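Atoms within a ligand are numbered from 1 in the order they appear, just like the ligands themselves. All figures in this text were calculated on a predicted structure; none of them were measured in a lab.
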Amino acid sequence: MKTLIVYSSKYGCTEQCAVLLKERLEREATLCNAAEASSVALDEFDSVVIASPIYMGKILPPISRFWQRHRDQLLQKRLAVFICCGFIERAEEQMEAALPRELLAHAQFKENLGYAFDFEQMNFFDKLIVRLVRGAKTSQNHIHQDKIAHLAALINKEW
Ligand SMILES: Cc1cc2nc3c(=O)[nH]c(=O)nc-3n(C[C@H](O)[C@H](O)[C@H](O)COP(=O)(O)O)c2cc1C
């Protein structure tokens, strides 16, 4: 059986984490952008990793829709969930508030895998918000490779 990694990403950090995770997996895995997930045959997968960044305290809509559409089926599978979020000191609290309670209760892994601010790609308003709220003026990338390795080890050894 296979693992599905379904993600949503506005500026690429969450996608990068999903790609890095897939590279570490020793079992067959499929990467899927949640916006294009309608054609995915969930039956083929015994485990699913769900990944979203946090924007204004919320996960991205394609991940919410994916969960709403497939909730019953997903609750029958092994699940992991990760977020990417800039307020690392509030990661846990934000995860609890933004993700469905049933998903969190069922998931064997739930973590913040880091964050990035990509000033080359961000639109004007997003740059302004990051400058005002975080005081960041240049691009940053703080992906936790160790946490990605931890999730990969869980999937490789236990799933
Ligand atoms: C407009 C904007 C709003 C954000 N809101 C939050 C937030 O509410 N909480 C948080 O922890 N991080 C917040 N962030 C930081 C993002 O979660 C972080 O940059 C993440 O790595 C983005 O992932 P992505 O590149 O996959 O879209 C925000 C970033 C931007 C640009």
Measuring only between side-chain heavy atoms, which start at C-beta, is F87 closer than 4.5 Å to N112? no

Which atoms of ligand 1 sit under 4.0 Å from any heavy atom of Y11? 24 (P), 25 (O), 27 (O)

Could you identify the single nearest non-hydrogen protein atom to atom 15 (C) of ligand 1 and state the distance to 0.1 Å? G86 N, 3.6 Å

Looking at CG of L79 and NE2 of H106, how far apart are the two atoms once the value is rounded to the nearest 0.5 Å? 4.5 Å

For ligand 1, note which part of Q94 has a heavy atom under 4.0 Å away: side chain, backbone, both or neither. side chain

Less than 3.5 Å between some nitrogen or oxygen of A116 and one of ligand 1, yes or no? yes

Please compare Y7, F117, Y55, F87 and report which has the shortest non-hydrogen distance to atom 22 (C) of ligand 1. Y55

Geometry only, no angles: is C13 polar-contacting ligand 1 at N/O separations under 3.5 Å? yes

Does the ring center of F117 lie less than 6.0 Å from the ring center of F119? no

Donor-acceptor pair, K77 side chain versus L42 backbone, under 3.5 Å? yes

Nearest heavy atom to atom 8 (O) of ligand 1 wins, so pick from P53, C84, G57. G57

Answer with side chain, backbone, both or neither: which part of I54 has a heavy atom less than 4.0 angstrom from an atom of ligand 1? both

Which protein heavy atom lies closest to atom 5 (N) of ligand 1, and at what distance to 0.1 Å? M56 N, 3.0 Å

Select one of side chain, backbone, both or neither to describe which atoms of F125 lie under 4.0 Å from any atom of ligand 1, heavy atoms only. neither

Atom CD1 of I63 and atom CG of N33: how far apart are they, to the nearest 0.5 Å? 8.0 Å

May I ask you to identify the nearest protein heavy atom to atom 1 (C) of ligand 1, giving residue, atom name and distance to one decimal place in Å? D126 OD1, 3.3 Å

Considering both backbone and side-chain atoms of I129, is one of its nitrogen or oxygen atoms within less than 3.5 Å of a nitrogen or oxygen in ligand 1? no

Side chains of H150 and F109: does their closest heavy-atom pair fall under 4.5 Å? yes

Spatial distance of atom CG (L151) from atom CG (L20) [nearest 0.5 Å]: 11.5 Å

Are any of the N or O atoms of S9 closer than 3.5 Å to those of ligand 1? yes

In this structure, NZ of K22 is separated from SG of C17 (nearest 0.5 Å) by 15.5 Å

Quick one: which ligand 1 atoms are inside 4.0 Å of a heavy atom on K10? 24 (P), 26 (O), 27 (O)

With the threshold set at 4.0 Å, does a side-chain nitrogen-carboxylate oxygen contact exist between R134 and E89? yes

Numbering the atoms of ligand 1 from 1, which are under 4.0 Å from a heavy atom of Y115? 21 (O)

Please indicate whether any nitrogen or oxygen in E15 is less than 3.5 Å from any nitrogen or oxygen in ligand 1. no

So which protein heavy atom does atom 31 (C) of ligand 1 come closest to, and at what separation? V130 CG2, 3.5 Å

If you measure from CG on D118 to CD on Q140, what distance do you get to the nearest 0.5 Å? 11.0 Å

Between CD1 of I50 and CG of L74, what distance do you get to the nearest 0.5 Å? 5.0 Å

